[in-house]
Amino acid sequence: MGKYIIEGGRGLYGSLTIKGAKNSVLTLLAASILTPEKVVLHGCPDIGDVAVMLRILRKLGCKVERTDDIVEIDSSGLHSYKIACDPAKELRSSVFMLGSLLSRLKRAKAVYPGGCDIGLRPIDIHLAGLRELGVTVGERHGHIDCDGTNAEPADIMLDLPSVGATENLMMACVFLNGVSILRNCAKEPEIVDLQNFLNAMGAKVRGAGGSVITVEGVKRLHGVEYTPIPDRIVAGTWAIGAVMCGGKLTLENVIPEHLSSLLAKLPKSSCKIYPRDGKITIESKGRPRAVPKTETMYYPGFPTDLQAQMTALQSVSDGTAVIVENIFETRFRSAVELCKMGANITVSGNTAVVRGVPELYGSRVVATDLRGGASLVLAAAAASGRSEIDEIHHIDRGYEDLAAILPQVGVDIKRE
Ligand code: EPZ
């Protein structure tokens, strides 16, 4: 499955351009089947999860063309409502197809989704919302079989602000005969991006970014050419890397506001941050000071998808840090690997206590999930000596080939 070889100890200098957000592109690809007309997405990253989603769309009968970072979807030939099992097992966002398939074909069938092993990741809120809309949902032998023939608008309260459930239900409501109200919605920027995308296709969605979203049903949606928002998690990963490794790094094509909870956490004592329109420059000013406490929260709180990278940063910071993971049950798996590199991290339940050490040393470590794997890349780039990171297919799911990208800013990294 490939590994990264990294000779650490060098600062990050130069600039990186951020591509479209994985967690927006995947949802927009699911939404693209809401119209039989052509949909064109720009800035699509060349990553594993997007490739799996394109495979799912093709198996449903869509024509999908990719030219560099432009993806064209023609779903006029959509002939199935059954999401193929094997790719769906790999990908959490396959379950987002339920809403769009129900809107287009009134039927949808899927297997329980896969994705990163970071917790139970149930889909009860997705299914409860669909049932509130009058969709009959059968669950048997790991399959979910939905019939939306009698679906009607509804006023739905989500048990918790689930990103996927919010997106799934937005897509399930676009053609219903009336106004649906979704309450306690997730407020992530990717939800706003989905609203903008749907409205660009002719939908009438309001309120994304807040906790109440209304969807006024329309008869049909038309094709669209659209550029998803940049990936705030990839940008945040490299911003943390610049503070960890030292150097001066400019990130092009970012929306600083989407990173405000991270930027507020990066210690002023050890880095200067210059957010300007569309870009951010991070200049290290020596060994970072520990951040006493970081708690992951729903947006606009500190994102769970940057928790592993923050844990890596704290492992080389001066002082002791407490990190609390409130969103997923088992998202500290990479801490074990960081300890192999000399980190001093104690995990108990959903809390990690990190006692910063002056330096990590290169080691052989294993990526356990997407963002955990990314945190190991940062640690290896900051460490003294050579590291090998195995199982890098986890990292490939959400980051383009780092052996092609990170040398641009001075990292000695090779893929084997
Ligand atoms: C999305 O996952 C992202 N994935 C995740 O990014 C991200 O970590 C997560 O949102 C939180 O921001 C995509 O967008 C493809 P949730 P999602 O539903 O929608 C519980 C990455 O690294 N929950 O907001 O699956 C759930 O267990 C990935 O890019 C239920 O209990 O996340 C979790 O504790 C990882 N029942 C919490 O809600 C449900 O029906 C938040 O999950 C749904 C969720």
Side-chain angles (χ1 to χ4, degrees), residues 19-31 45 47-50 52-53 56 88 90-99 110 112-132 137 139 144 156-172 182 184-194 211 228-229 231-237 258 261-262 296-310 324-331 333-334 350 367-375 394-399:
K19 290 279 184 70
K22 166 178 87 75
N23 292 346
S24 188
V25 167
L26 293 174
T27 308
L28 302 190
L29 287 170
I47 56 177
D49 277 7
V50 169
V52 173
M53 200 63 174
I56 290 174
E90 288 176 55
L91 197 60
R92 172 84 181 163
S93 37
S94 56
V95 82
F96 300 172
M97 297 289 301
L98 291 177
Y112 269 89
C116 276
D117 180 10
I118 54 177
L120 294 173
R121 310 198 74 184
I123 57 169
D124 55 317
I125 299 172
H126 296 246
L127 303 185
L130 292 176
R131 288 186 170 113
E132 293 264 321
V137 180
E139 297 174 73
I144 305 151
I156 300 170
M157 169 66 81
L158 276 68
D159 270 4
L160 54 81
S162 153
V163 171
T166 302
E167 294 167 339
N168 221 344
L169 295 170
M170 285 164 75
M171 291 186 267
L182 308 178
N184 194 21
C185 294
K187 302 175 184 172
E188 271 71 1
E190 291 76 22
I191 312 276
V192 178
D193 212 21
L194 176 60
S211 56
I229 55 171
D231 197 315
R232 60 195 169 95
I233 303 302
V234 171
T237 302
H258 291 171
S261 57
L262 169 67
T296 64
M297 291 307 288
Y298 297 111
Y299 192 89
F302 191 91
T304 173
D305 292 350
L306 285 176
Q307 177 265 99
Q309 300 91 315
M310 187 68 169
V324 184
E325 171 57 62
N326 292 307
I327 309 295
F328 289 108
E329 298 87 350
T330 50
R331 206 168 192 180
R333 296 180 60 198
S334 53
N350 70 339
T368 53
D369 57 85
L370 165 55
R371 306 303 176 183
S375 73
H394 290 292
I395 305 172
D396 291 339
R397 295 187 47 203
Y399 294 83

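Atoms within a ligand are numbered from 1 in the order they appear, just like the ligands themselves. Here the structure is a predicted model, which means the values were calculated and not measured.
Near L370, meaning under 4.0 Å from any of its heavy atoms, are these atoms of ligand 1: 22 (O). Every atom of ligand 1 with a heavy atom of I327 under 4.0 Å away is listed here by number and element: 33 (C), 34 (O), 37 (C), 41 (C). Residue I123 approaches ligand 1 through these ligand atoms, each under 4.0 Å from one of its heavy atoms: 39 (C), 40 (O). Heavy-atom proximity to K22, at under 4.0 Å, picks out these atoms of ligand 1: 21 (C), 29 (O). Interface of R371 with ligand 1, defined as ligand atoms under 4.0 Å from a residue heavy atom, comprises 21 (C), 22 (O), 29 (O).
A pairwise comparison of heavy atoms in L370 and I395 identifies CD1-O, 3.6 Å as the closest pair. Closest heavy-atom contact between A367 and G373: CB-CA, 3.8 Å. Shown here for I327 and M297, the closest heavy-atom pair between the two residues is CD1-C, 3.9 Å.
Between H126 and F96, the ring planes are parallel. Angles under 30° get that label, and only those over 60° would be called perpendicular.
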Check: Would L98 and L127 count as a side chain to side chain contact (heavy atoms under 4.5 Å, CB included) if you check the C-alpha gap in whole Å, the side-chain angles of each, and the deciding distance to 0.1 Å?
Finding: CA-CA 9 Å; L98 291 177; L127 303 185; 4.2 Å; yes
Next item on the list: Please test Y298 against L160 for side chain to side chain contact (heavy atoms under 4.5 Å, CB included), starting from the C-alpha separation and ending with a verdict.
Entry: CA-CA 10 Å; Y298 297 111; L160 54 81; 3.6 Å; yes
Next item on the list: Could you please spell out the steps behind the side chain to side chain contact (heavy atoms under 4.5 Å, CB included) verdict for I233 and L306?
Entry: CA-CA 6 Å; I233 303 302; L306 285 176; 4.0 Å; yes
Next item on the list: Go through the steps for D49 and K22 under the test salt bridge (Lys or Arg N to Asp or Glu O under 4.0 Å), then give the verdict.
Entry: CA-CA 8 Å; D49 277 7; K22 166 178 87 75; 3.5 Å; yes
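Geometrically, ligand 1 and P161 share no nitrogen or oxygen pair separated by less than 3.5 Å. The shortest N or O to N or O distance between D305 and ligand 1 is below 3.5 Å. For a threshold of 3.5 Å applied to N or O pairs, the pair formed by R331 and ligand 1 contains at least one separation below that value. In terms of polar-atom proximity, Y298 is not counted as a contact of ligand 1, lacking any N or O under 3.5 Å from an N or O of the ligand. Geometrically, ligand 1 and E329 share no nitrogen or oxygen pair separated by less than 3.5 Å. For the pair G164 and ligand 1, the shortest N or O to N or O distance falls below 3.5 Å. Residue F328 places no N or O, backbone or side chain, under 3.5 Å from any N or O of ligand 1. Of the N or O atoms in V163, one or more lie within a sub-3.5 Å distance of an N or O in ligand 1.
Under a 4.0 Å N-O distance rule, the pair E139/R131 qualifies as a salt bridge.
Taking 4.0 Å as the cut-off, P122 counts as a neighbour of ligand 1 on heavy-atom distance.
Put simply, the residue from N326, D369, D305, N350 that forms a side-chain hydrogen bond (donor to acceptor under 3.5 Å, both in side chains) with R331 is D305.
Between the choices D49, I125, V25, L160, the shortest heavy-atom distance to atom 20 (C) of ligand 1 belongs to L160.
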